[in-house]
Amino acid sequence: MNAIATPQGLPGQPHIAYQGDQLMVECVRLSDLAREHGTPLFVYSKAAMLSALAAYQRGFAGRKAQICYAMKANSTLAVLQVFADAGCGFDTVSGGELARVLAAGADPAKVIFSGVGKTRAEMKQALQVGIGCFNVESEAELDVLSEVAVSLNLKASVSLRVNPNVDAKTHPYISTGLKGNKFGIAHEDALRAYRHAASLPGLQVVGIDCHIGSQITETTPYLDAMDRVLDLVGEIEAAGIPIQHIDFGGGLGINYNGDTPPEADALWAQLLAKLDARGYGQRQIMIEPGRSLVGNAGVCLTEVLYLKPGEQKNFCIVDAAMNDLPRPAMYQAFHQIVPVTPRAGSVTADGTVYDIVGPVCESGDWIGKDRQLQVAAGDVLAVLSAGAYCMSMASNYNTRGRAAEILVDGTKAHLIRQRESAFDTFALEQLV
Ligand SMILES: *Cc1c(COP(=O)(O)O)cnc(C)c1O
């Protein structure tokens with residue numbers, strides 16, 4: 001059983017905190033937002049996003065570095081706009097993401113395109129808008145990309161994603177740097193793939209990249225991956241193929257429930273020391289953080305619909321579900337759940353133990369298990385650490401419209417996405 005979440009238990013996030021009996025995002029009361037906009041409702045703190053970004057920026061002070069926000073973590077236009085305005089580039093994984101990030105005002109030259117299954121149409125779209133680099137994941141993809149570029153009379157800048165075969169020590173579904181994963185080119189095949197890339201008429205080799213997994217809370221896997229990647233850089237350059245940039249991917253974890261990932265600046269102090277020691281400190285560095293920039297900048301507000309006591313389990317049925325917050329159902333992920341306006345006594349240990357579940361017709365539709373809470377129907381709860389991989393993974397399952405989203409900036413609360421109506425969910429369909 002998890003101890004009751006107390007105000008002190010909020011993941012290290014100064015911009016989301018209780019003031020008296022009110023949970024606030026910056027200077028805005030969440031109870032007011034729930035009343036005004038309804039629930040489920042995602043609320044993000046702009047200051048929290050910018051302070052997460054600032055930790056990376058501090059880490060890279062004085063270096064040639066480009067931070068490319070991995071937008072699949074949260075791809076809402078206004079979120080992208082915050083990062084674009086702050087000078088970020090973007091890591092995209094589909095033509096849809098590319099169109100979205102350009103609509104948010106991103107500089108295409110700072111956009112990179114990752115993913116194992118790029119289509120010809122996506123390659124063409126990306127070449128025509130002039131993205132900075134393709135992160136290529138297989139030799140077969142090199143051939144197709146070169147063909148598409150030649151047909152457009154263009155050259156595609158490429159980096160090859162190598163698989164360093166290190167264990168990121170995270171959930172298997174979000175571990176990507178091991179041999180059995182679909183991602184990247186195996187270490188032992190990398191030199192051959194680089195020679196192949198250099199020989200193709202439509203390609204210009206510019207970099208190397210890796211991405212070993214997500215929600216990584218230790219420094220060692222990064223240091224190991226860096227060693228493996230730098231070994232390859234040495235071999236590739238000895239073969240006469242210059243590598244201009246080294247991209248270490250994303251993956252840095254956040255504090256969901258007492259997790260203690262390194263701070264971005266502290267992690268990079270160690271990684272840069274290694275780069276310097278191995279003589280690569282002057283290279284252009286790129287990174288692709290997603291979760292660590294947005295995860296703890298957001299909460300999802302949900303109203304308690306019913307309490308359903310039972311012999312084996314007590315259920316707290318809320319109006320958010322697995323279609324809004326898919327991580328528990330998908331990865332058995334943990335999100336802290338706290339009252340927006342705690343009832344007297346609710347921060348002591350006398351609440352009831354509930355499974356917090358949504359209305360969707362699946363037993364897998366749970367948000368939290370065995371949580372001690374003092375709640376009543378009508379109360380609003382905040383699901384914490386909901387800024388990453390929640391709204392961007394949301395679906396319309398059970399014909400549930402997706403939630404609305406708010407971006408808080410100081411005392412201002414901007415509605416950045418309207419709630420989807422039932423009509424919106426079937427607007428593109430046709431009767432026969
Ligand atoms: C998902 C992904 C990222 C971001 O991962 P986080 O864990 O959110 O930082 C970066 N690069 C690639 C290639 C990815 O697929």
Side-chain angles (χ1 to χ4, degrees), residues 49 52-53 55-56 59 66-76 79-80 83 88-94 96-98 101 110-118 122 126 131-138 141 158-164 166 168-178 181-185 207-219 221-222 225 229 245-256 259 261-264 267-268 271 285-298 326-327 330-331 333 385-393:
M49 291 182 211
L53 177 64
Y56 283 101
Q66 176 67 58
I67 300 168
C68 290
Y69 166 53
M71 62 177 281
K72 71 178 191 282
N74 186 322
S75 52
T76 302
V79 171
L80 302 176
F83 290 117
C88 274
F90 295 90
D91 180 29
T92 60
V93 293
S94 71
E97 283 197 348
L98 178 56
V101 80
K110 291 186 189 169
V111 172
I112 58 180
F113 192 169
S114 300
V116 297
K118 304 176 193 78
E122 287 174 324
I131 66 157
C133 186
F134 289 83
N135 287 359
V136 173
E137 302 225 14
S138 65
E141 186 191 334
V158 297
S159 161
L160 270 62
R161 176 169 175 180
V162 298
N163 186 336
V166 300
K169 302 204 170 64
T170 184
H171 190 284
Y173 281 14
I174 50 176
S175 173
T176 57
L178 277 168
N181 294 124
K182 71 176 176 182
F183 299 102
I185 295 168
I208 190 166
D209 61 285
C210 72
H211 172 69
I212 56 174
S214 202
Q215 185 54 18
I216 301 170
T217 55
E218 294 174 36
T219 306
Y222 278 109
V229 169
H245 78 243
I246 308 177
D247 174 350
F248 290 100
L252 181 59
I254 61 169
N255 177 2
Y256 283 103
D259 309 288
E263 299 290 334
L267 171 69
W268 276 95
L271 287 168
I285 302 155
M286 311 228 310
I287 54 160
E288 306 162 357
R291 187 190 315 271
S292 54
L293 292 182
V294 290
N296 271 340
R327 298 183 65 257
M330 232 172 132
Y331 317 117
S385 309
Y389 302 109
C390 293
M391 189 60 179
S392 60
M393 293 176 103

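Numbering of ligands and ligand atoms starts at 1, following listing order.
- Short contacts between ligand 1 and G250, defined as distances under 4.0 Å to a heavy atom of the residue, involve ligand atoms 9 (O), 10 (C).
- Every atom of ligand 1 is numbered from 1 in the order shown, and the set under 4.0 Å from a heavy atom of S214 is 6 (P), 7 (O), 8 (O).
- Rounding to the nearest 0.5 angstrom, the gap separating the CD1 atom in I216 from the CG atom in D259 is 13.0 Å.
- In terms of polar-atom proximity, G251 is counted as a contact of ligand 1, with an N or O under 3.5 Å from an N or O of the ligand.
- Nearest-heavy-atom check against atom 4 (C) of ligand 1 across A70, C68, G213 picks out A70.
- In summary, the atoms of ligand 1 found under 4.0 Å from a heavy atom of R161, numbered by their order in the structure, are 13 (C).
- For N74, the side chain to side chain donor-acceptor pair (under 3.5 Å) partners two or more places apart in sequence, or in a different chain, are Y44, T76.
- Protein heavy atom at the shortest distance from atom 1 (C) of ligand 1 is K72 NZ, 1.3 Å.
- Counting non-hydrogen atoms of other residues, nucleotides and ligands closer than 6.0 Å to CD of E263 gives a total of 12 or fewer.
- Taking every heavy atom of P289 and a limit of under 4.0 angstrom, the matching atoms of ligand 1 come to 9 (O).
- Contact check on K118 versus E141 returns a salt bridge, with a Lys/Arg side-chain nitrogen under 4.0 Å from an Asp/Glu carboxylate oxygen.
- Remark: ligand 1 and S114 share no N or O pair separated by less than 3.5 Å (distance only, no angle test).
- Side-chain atoms of L80 and M71, non-hydrogen and from C-beta on, do get closer than 4.5 Å to each other.
- Between the side chain of E288 and the backbone N or O of A70 there is no donor-acceptor pair closer than 3.5 Å.
- Some N or O of G290 is nearer than 3.5 Å to an N or O of ligand 1, by distance alone.
- Protein heavy atom closest to atom 8 (O) of ligand 1, with residue, atom name and distance, is Y389 OH, 2.6 Å.
- Annotation for ligand 1: atoms under 4.0 Å from non-hydrogen atoms of R291 are 6 (P), 8 (O), 9 (O).
- Near D91, with a cut-off below 4.0 Å to any heavy atom, the atoms of ligand 1 are 10 (C), 11 (N), 12 (C), 13 (C).
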